[in-house]
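Quick notes on the structure that follows.
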Protein chains: 2
Amino acid sequence: MSNDDSSFGATVRRLRNEKDIGLRKFAQMVGMSPTYLSKVERDEFAPPAEDKVRAIADARGQDADELLALAGRVSAELADIIKRHPREMATFLRAANGLSAEEMQRLVEEARRLKKEEGT
Amino acid sequence: MSNDDSSFGATVRRLRNEKDIGLRKFAQMVGMSPTYLSKVERDEFAPPAEDKVRAIADARGQDADELLALAGRVSAELADIIKRHPREMATFLRAANGLSAEEMQRLVEEARRLKKEEGT
DNA sequence: TCGTTCGTATAGTAGACACTAAACACTCGA
DNA sequence: TCGAGTGTTTAGTGTCTACTATACGAACGA
């Protein structure tokens with residue numbers, strides 16, 4: 001679960017190779033040294049900081065939250081949302097843990113509905 | 001918002017003084033040096049690591065998630081939940097951001113209801 | 001006034017985090 | 001065969017995190 005092809009490094013390498021971008025070029029695109037990127041891609045170094053992970057996701061049109069999760073991180077933006085309502089969000093996350101994507105989708109819609117009602 | 005009486009440090013000091021516990025004793029209770037605790041309480045040092053924050057919350061019967069939030073942290077447990085379903089949770093958190101405690105409570109109940117149905 | 005307890009100031013540290021530069025070995029087209 | 005490109009190895013570095021030990025000055029009780 002760390003050196004196979006679903007690891008962060010392997011994923012980045014696959015993403016990069018899909019478009020035949022060289023290591024040096026991609027490193028420049030995302031703002032890091034080729035050396036570092038090489039090590040990161042082989043999981044020899046831990047995943048980089050949030051901004052680099054985002055840059056990688058952006059460069060390849062991937063979902064940033066997902067790539068961040070693979071990097072073992074939670075975006076600062078989401079952390080901030082939780083910090084604003086820690087008890088409520090903590091309770092919710094524990095309650096929602098394990099629900100399927102469809103069920104989560106229902107809750108998202110419910111949340112949006114509640115929010116819209118506020119503007120009434 | 002950092003040196004007033006709602007800061008992490010000031011909160012810990014208040015919590016400690018409420019029961020007239022000395023700095024040295026409390027430091028020992030939560031497993032840190034008195035020196036460090038003193039600085040933390042005056043916000044001269046940043047809040048400690050998650051386990052210490054939890055120890056403080058436990059020692060004074062406070063909500064750990066809330067104290068962690070005040071410490072600018074999100075518990076590793078919650079981060080893990082998000083990492084398991086990053087897209088869904090990220091979407092939800094953004095959608096739910098700004099809802100009131102009551103509205104969040106409704107979503108928690110909905111989540112619990114959905115989960116119960118699964119066992120059917 | 002001595003001993004104890006209080007909080008504080010000073011000065012440091014081990015270890016992790018997030019990287020970088022330079023040099024290297026290999027391959028491949030011209 | 002050479003030079004231009006590929007990825008990799010070696011050997012670091014500066015900054016931050018999360019603390020600690022020792023020593024200090026003030027107050028208080030016996």
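By convention in this document, chain letters (A, B, ...) are assigned in the order of the sequence lines, proteins followed by strands, and residues within each chain are numbered from 1.
Here side-chain hydrogen bond (donor to acceptor under 3.5 Å, both in side chains) pairs that include residues 17-27 of chain B, with residues two or more places apart or in two chains, number zero. For the ring-ring contact (aromatic ring centres under 6.0 Å, His included) condition, the pairs that include at least one residue of residues 42-90 of chain B, sequence neighbours left out, are B:Y36-B:F45. Counting only residues at least two apart or on different chains, no ring-ring contact (aromatic ring centres under 6.0 Å, His included) pair has a member in residues 94-113 of chain A. The salt bridge (Lys or Arg N to Asp or Glu O under 4.0 Å) pairs that include a residue from residues 82-97 of chain B are A:D65-B:R94, A:E66-B:R87, A:E77-B:R94, B:D80-B:K83, where partners are two or more places apart or lie in different chains.
Looking at every heavy atom in both residues, B:A57 comes nearest to B:A64 through CB-CA, 3.9 Å. Closest of all the heavy-atom pairs between A:A46 and A:V40 is O-CG2, 3.9 Å.
Between the side chain of B:R42 and the backbone N or O of B:S38 there is at least one donor-acceptor pair closer than 3.5 Å. The closest donor-acceptor contact from the side chain of A:D43 to the backbone of A:G9 lies under 3.5 Å. Using modelled atom types, no side-chain atom of B:K52 and backbone atom of B:P47 make a donor-acceptor pair closer than 3.5 Å.
Qualifying salt bridge (charged side-chain N to carboxylate O under 4.0 Å, His left out) partners for A:R73, counting only residues two or more places apart in sequence or in other chains: none. For A:E50, the salt bridge (charged side-chain N to carboxylate O under 4.0 Å, His left out) criterion is met by A:R54, not counting sequence neighbours. Scored by the salt bridge (charged side-chain N to carboxylate O under 4.0 Å, His left out) test, B:E103 finds no partners at all (sequence neighbours excluded).
Here the CZ-OG1 distance, from B:R16 to B:T11, works out to 13.0 Å after rounding to the nearest 0.5 Å.
Between A:R113 and A:E109 there is no salt bridge, since none of the side-chain N atoms of the basic residue sits less than 4.0 Å from a carboxylate O of the acidic one.
In the 5' to 3' direction, nucleotides of DNA chain C lying under 4.0 Å from heavy atoms of chain B begin and end at C:dC6 to C:dT10.
Listed pair B:R73 / D:dT17 fails the phosphate criterion, with no side-chain N or O lying under 4.0 Å from OP1 or OP2. The side chain of A:R42 places an N or O atom within less than 4.0 Å of a non-bridging phosphate oxygen (OP1 or OP2) of D:dT9.
Remark on the helix from C:dT1-D:dA30 to C:dA30-D:dT1: inter-end axis angle 10°, axes from five-pair C1' superpositions, rounded to 10°.
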Close N or O pairs between protein and nucleotides 19-24 of chain D (under 3.5 Å):
from	atom 1	to	atom 2	distance (Å)
D:dC19	OP2	B:A49	N	2.8
D:dC19	O5'	B:Y36	OH	3.3
D:dT20	OP2	B:S33	N	2.9
D:dT20	OP2	B:S33	OG	3.0
D:dT22	O4	B:T35	OG1	3.1

Distances under 3.5 Å between protein N/O atoms and the N/O atoms of nucleotides 26-30 of chain D, please, pair by pair.
none

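For CD of A:Q105, the number of neighbouring non-hydrogen atoms (other residues, nucleotides, ligands) closer than 6.0 Å is greater than 12.
Against DNA chain D, the stretch residues 56-64 of chain A makes no heavy-atom approach under 4.0 Å.
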